[in-house]
Colleague: 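The following block contains the structure, expressed as structure tokens.
So you know, we letter chains A, B, ... as the sequences are listed, proteins then strands, and number each from 1.
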Amino acid sequence: MRPICFLISWRLAGRPVTEHATPWVARHLAGCERCRAEAESIARLTAAIRQSIPDQGKCPVTWHEVLSRISARRRRDPASVRARIPAGAAVCAVVAIVLVVALLGPHRDAARPGSAPASVHTVAPRLEDLQPAPKPAAVVVGAPNLPDSASMRPRSAQPAAGSSGRPHKPGPHAYIAAPPKPVLAEAHALDSAVPGDGQGVEANAGPVAQVPPMISEEAGRRAADVLIGLSEQMTEEKSAEIQKRLTDVLVSAMPG
Amino acid sequence: MIGAFAESVLPGNVDTTDTELALVAAARNGDLDAFGTLFEQHKDPVYRFVLRSVSSREDAEDIVQESFCRAWASIDRFRGEARFSTWVYRIAAGVCADRARLAKRRGRLVVEVPLEAEEIAVGMAAREGRQTSVTRQAIARAMAELPLAHRQLVVLCDVQGFTSGEAAEILGCSAVSVRVRLCRAHAKLRQALSRDGEVT
């Protein structure tokens, strides 16, 4: 068996269709008993396969059925949107939005001047509660556990936490257990309280309030504008551009 | 060598004519009627290819519908570098592969052997003058044992008359890979048929 015999069976399997290949294949087949037998075997096999397949090969699927499926898919999944936004670009946009929200979200309140810290629970007062209160109360600093239900009630006679005789150690873990419904004066006192003013609200200056926002609202708005502007014409080519521009905006907004 | 049936499905008989190019252009502009004409022209060979890949009529019909749906959805990506038929075949091959993966994940048998007892006589010109006969069932069983990619190659090259280059384009591999796989598929088929007592 010569090396060319391998080429012949390989050639036969690939159905030699090019004109220049046929003569040398034919010449070899005429002189090589083994390859001739192989060629006949392949011919019989392919003929058997071809004839074993049912001849009634008319496709029963009608154009109407295909049309129905196309229409159903269009209703379910508008092609105008889906065709324009490839999966990669959509994922990129979602990641960018999540990034913007994650960077802006926790610091939005802290960034707004004069707003209450997020750690203080203020509840909108009812009309009957809008009475002048004798003094801010129920602000407990340094309490190891949440106050019991009695201490949560407004008690004008109850002494303030700072004067209760308990050791006062404001530290990083100090927290405020605010009353569930502070009256207007309490809310005002909390809002206008200056950290370290001796009114028992120094814990307002917690770590959250002191951390500067990583990016400003303006930067977030610009990032959102980029997203909205590009989402109209988002294509695969735009995907990389979106990523780059978003990264630029966010990185430029980072302090330092 | 190639019978009337095979000649009727040979892709070479369906040249990319000006009419077809015009239909494709119209379909790209959103003309559903033009796409419907393309569907009518190509659905039969695509169906035969799919039917021989999955061997279940219901699955084959569903795959043909799905293939043309996908073709319509991405008609604007068809640049005309290949023939429309080749492109649709490629989509259909992809849908077949998707279904096979899904069926495998669900633990379902992908190929059902069509139970047709009718025997046909083939290979009349055996060298010894002996008539060999191969049943449809034996062929179907042997085909069913092939991996999907090999089965699709046998259908494309041996039944539908595609060249190795065209088959490579449809299946997304090289022409060399097509020939190697086809050699292996033939060897496996002959092995399965001889094991079943059928002489090829």
Colleague: Between Val154(B) and chain A, with a heavy-atom cut-off of 4.5 Å, which part of the residue counts as in contact: side chain, backbone, both or neither?
Modeller: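 When you check distances to chain A, only side chain atoms of Val154(B) fall under 4.5 Å.
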Colleague: Do Glu66(B) and Arg73(A) have side chains that get closer than 4.5 Å, going by heavy atoms?
Modeller: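 Sidechains of Arg73(A) and Glu66(B): in contact.
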Colleague: Which distance, rounded to the nearest 0.5 Å, do you find between the CG of Leu189(B) and the CD1 of Ile49(A)?
Modeller: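 Separation between the atoms: 5.0 Å.
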Colleague: What pair of heavy atoms forms the shortest contact from Cys59(A) to Lys43(B), and how long is it?
Modeller: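 Answer, listing the atom of Cys59(A) first, then Lys43(B): O-NZ, 3.5 Å.
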Colleague: Taking atom CD of Glu61(B) and atom OG1 of Thr62(A), what is their separation to the nearest 0.5 Å?
Modeller: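 Result: 10.0 Å between the selected atoms.
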Colleague: Using heavy-atom distances under 4.5 Å, tell me whether Glu40(B) contacts chain A through its side chain, its backbone, both, or neither.
Modeller: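 Just its side chain gets close to chain A.
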Colleague: Are the side chain of Asp158(B) and the backbone N or O of Thr46(A) linked by a donor-acceptor pair below 3.5 Å?
Modeller: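 Judged by distance alone, no pair lies under 3.5 Å.
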Colleague: Would you check if Val61(A) and Phe39(B) make a side-chain contact, meaning some heavy-atom pair closer than 4.5 Å?
Modeller: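 Touching, per the 4.5 Å side-chain cut-off.
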Colleague: Hey, is the main chain of Asp44(B) close enough, under 3.5 Å, to the side chain of Lys58(A) for a donor-acceptor pair?
Modeller: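 No.
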Colleague: Kindly indicate whether the side chain of Arg190(B), heavy atoms from C-beta on, has any atom under 4.5 Å from the side chain of Ile42(A).
Modeller: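 Yes. Closest side-chain heavy atoms under 4.5 Å.
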Colleague: Any side-chain heavy atom of Phe35(B) within less than 4.5 Å of one from Trp63(A)?
Modeller: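 In contact.
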Colleague: Is any side-chain heavy atom of Arg69(A) closer than 4.5 Å to one of Asp62(B)?
Modeller: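 A side-chain contact exists here, since the closest heavy-atom pair is under 4.5 Å.
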